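For clarity, every value in this text was computed on a predicted model and none was experimentally measured. All values below were derived from every heavy atom in this structure, side-chain atoms included, with hydrogens, water molecules and symmetry-related copies excluded.
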Amino acid sequence: MNARFSPSLMCMDLTRFREQIEAMNPTAAFYHVDIMDGSYVKNITLSPFFIENLRKITDVPIDVHLMVNHPEDIIPMCIDAGADVISFHPETANNKIFRLLTQIKDAGRRCGVVLNPATPAETIREYAHLLDKVTVMSVDPGFAGQKFIPETLNKIRQLIAMRKEHGYHYLTEIDGSCNAKTFKQIAASGVDVFIVGTSGLFNLHDDVAQAWQKMESIFATETAAA
């Protein structure tokens, strides 16, 4: 399987920001940037300012995940900061989803939505044709290090089936506890992009380049028969 990996930068060592980004630039498919408002989830992480500084040292697509109650307030700042892909949770924008997706696309960026573990795949049907990416949370949103929820893999399969049936173009992506214990079952779902964080990447070695090589080796071993 030719997997694509997206490092979750809330899990990186920010005291070694440039060093770690430059080490991952040759291999990362995306950089995953979580922005939380302390309200939609009880955590506060990265920001448009972080995106602006990341943009200065990478050409890797910056993929922003908005865990905020009012994505309409943050989207323009992410666009101005240089984000390439912007995704939000549909339940935070039920009365403005089409407007927000159009706003992102009109700015020349890619758009997506993020589905919580209990949010059904069918949620996206009315606007699936507009989406460039659909992210499935395999843990409840807000914090790293949570237990993997295997029931979410059926949602990946449903999204892939919907894409094939209707000719949609979105990528599927999984976010949460992607690591040696889960790579095999996740890969079997057919997902396109793996978001990797503390357990899947950054804790594997102090040198992130070596951590990346170790992650790829683990993934190849775990998925050899998938």
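When all heavy atoms of I149 and V139 are compared, the closest pair comes out as CD1-CA, 4.0 Å. Closest non-hydrogen pair, I35 versus S47, comes out as CD1-C, 3.9 Å. Between A211 and L201 the shortest heavy-atom distance is CB-O, 3.4 Å. Closest of all the heavy-atom pairs between D34 and S8 is OD2-OG, 3.4 Å. Nearest heavy atom pair, residue I74 against residue P48, reads CG2-CG, 4.4 Å.
There is no side-chain donor-acceptor pair under 3.5 Å between N203 and T198. Between T135 and K133, the side chains place a donor N or O and an acceptor N or O closer than 3.5 Å (distance only, hydrogens not considered). Side-chain atoms of S39 and N69 include a donor-acceptor pair closer than 3.5 Å.
In the hydrophobic clustering of ILVMFWY residues, with side-chain heavy atoms under 4.5 Å counting as a link, V41 and I174 come out together. Clustering ILVMFWY residues whenever any of their side-chain heavy atoms sit less than 4.5 angstrom apart, transitively, puts I21 in the very cluster that holds F202. Under the 4.5 Å side-chain heavy-atom criterion for grouping Ile, Leu, Val, Met, Phe, Trp and Tyr, M67 is connected to I75 within one hydrophobic cluster. The hydrophobic clustering, which links ILVMFWY residues whose side-chain heavy atoms are closer than 4.5 Å, places F183 and V136 together. The hydrophobic cluster containing L14 also contains M10, counting ILVMFWY residues as joined when their side-chain heavy atoms lie under 4.5 angstrom apart, directly or transitively.
The distance from the CG atom of L171 to the CG atom of L131 is 11.0 Å, given to the nearest 0.5 Å. Of the inter-residue distances, the one linking E52 atom CD with D80 atom CG reads 9.5 Å to the nearest 0.5 angstrom. Here the CG atom belonging to D37 is positioned 10.5 Å from the CG atom belonging to N43, to the nearest 0.5 angstrom. Atoms CD1 and OG1, from I97 and T123 in turn, are 8.5 Å apart once rounded to the nearest 0.5 Å. Atom NE2 of H129 and atom CD1 of I124 lie 11.0 Å apart (nearest 0.5 Å). The distance from atom CG of N95 to atom CZ of R99, rounded to the nearest 0.5 Å, is 6.5 Å.
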- prompt: Stepwise, does the salt bridge (Lys or Arg N to Asp or Glu O under 4.0 Å) test hold for R163 with D192?
  reply: CA-CA 12 Å; R163 179 175 66 188; D192 299 304; 2.7 Å; yes

field: Pair R55-D84, salt bridge (Lys or Arg N to Asp or Glu O under 4.0 Å): steps then yes or no
entry: CA-CA 10 Å; R55 180 82 289 162; D84 297 287; 2.6 Å; yes

task: List the steps and the verdict of side chain to side chain contact (heavy atoms under 4.5 Å, CB included) for S6 and F194.
output: CA-CA 6 Å; S6 178; F194 297 73; over 6 Å; no

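For F5 and F30, the distance between ring centers is not under 6.0 angstrom. Checked against a 6.0 Å centroid threshold, the rings of H32 and H65 count as neighbours. Under the 6.0 Å cut-off for aromatic ring centres, Y170 and Y127 do not qualify, their centroids lying 6.0 Å or more apart.
T172 contributes no side-chain N or O that, together with a main-chain N or O of V134, makes up a donor-acceptor pair within less than 3.5 Å. Distance alone, capped at 3.5 Å, places no donor-acceptor pair between the H70 side chain and the E72 backbone. Side-chain atoms of T102 come within 3.5 Å of backbone atoms of F98 as a donor-acceptor pair (strictly under, hydrogens ignored). N25 places a side-chain N or O within donor-acceptor distance of the main-chain N or O of I57, the cut-off being under 3.5 Å. Looking only at distances, no side-chain donor or acceptor of S177 sits under 3.5 Å from a matching main-chain atom of K147.
Within 6.0 Å of NZ in K96 there are more than 12 heavy atoms belonging to other residues, nucleotides or ligands. Around atom CG of D59, no more than 12 heavy atoms belonging to other residues, nucleotides or ligands sit under 6.0 Å away.
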Per-pair distances, 0.1 Å, donor-acceptor, side chain in residues 107-122, under 3.5 Å, sequence neighbours excluded:
| residue | atom | partner | partner atom | Å |
| --- | --- | --- | --- | --- |
| R109 | NE | A107 | O | 3.2 |
| R109 | NH1 | I79 | O | 3.0 |
| R109 | NH1 | A83 | O | 2.7 |
| R109 | NH2 | I79 | O | 3.4 |
| N116 | OD1 | H89 | ND1 | 3.3 |
| N116 | ND2 | Y40 | OH | 2.9 |
| N116 | ND2 | E91 | OE2 | 2.6 |
| E122 | OE1 | R125 | NE | 2.8 |
| E122 | OE2 | R125 | NH2 | 2.9 |

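Looking only at side-chain heavy atoms (C-beta outward), T58 and Y31 come within less than 4.5 Å of each other.
R18 pairs by the salt bridge (charged side-chain N to carboxylate O under 4.0 Å, His left out) definition with E22, not counting sequence neighbours.
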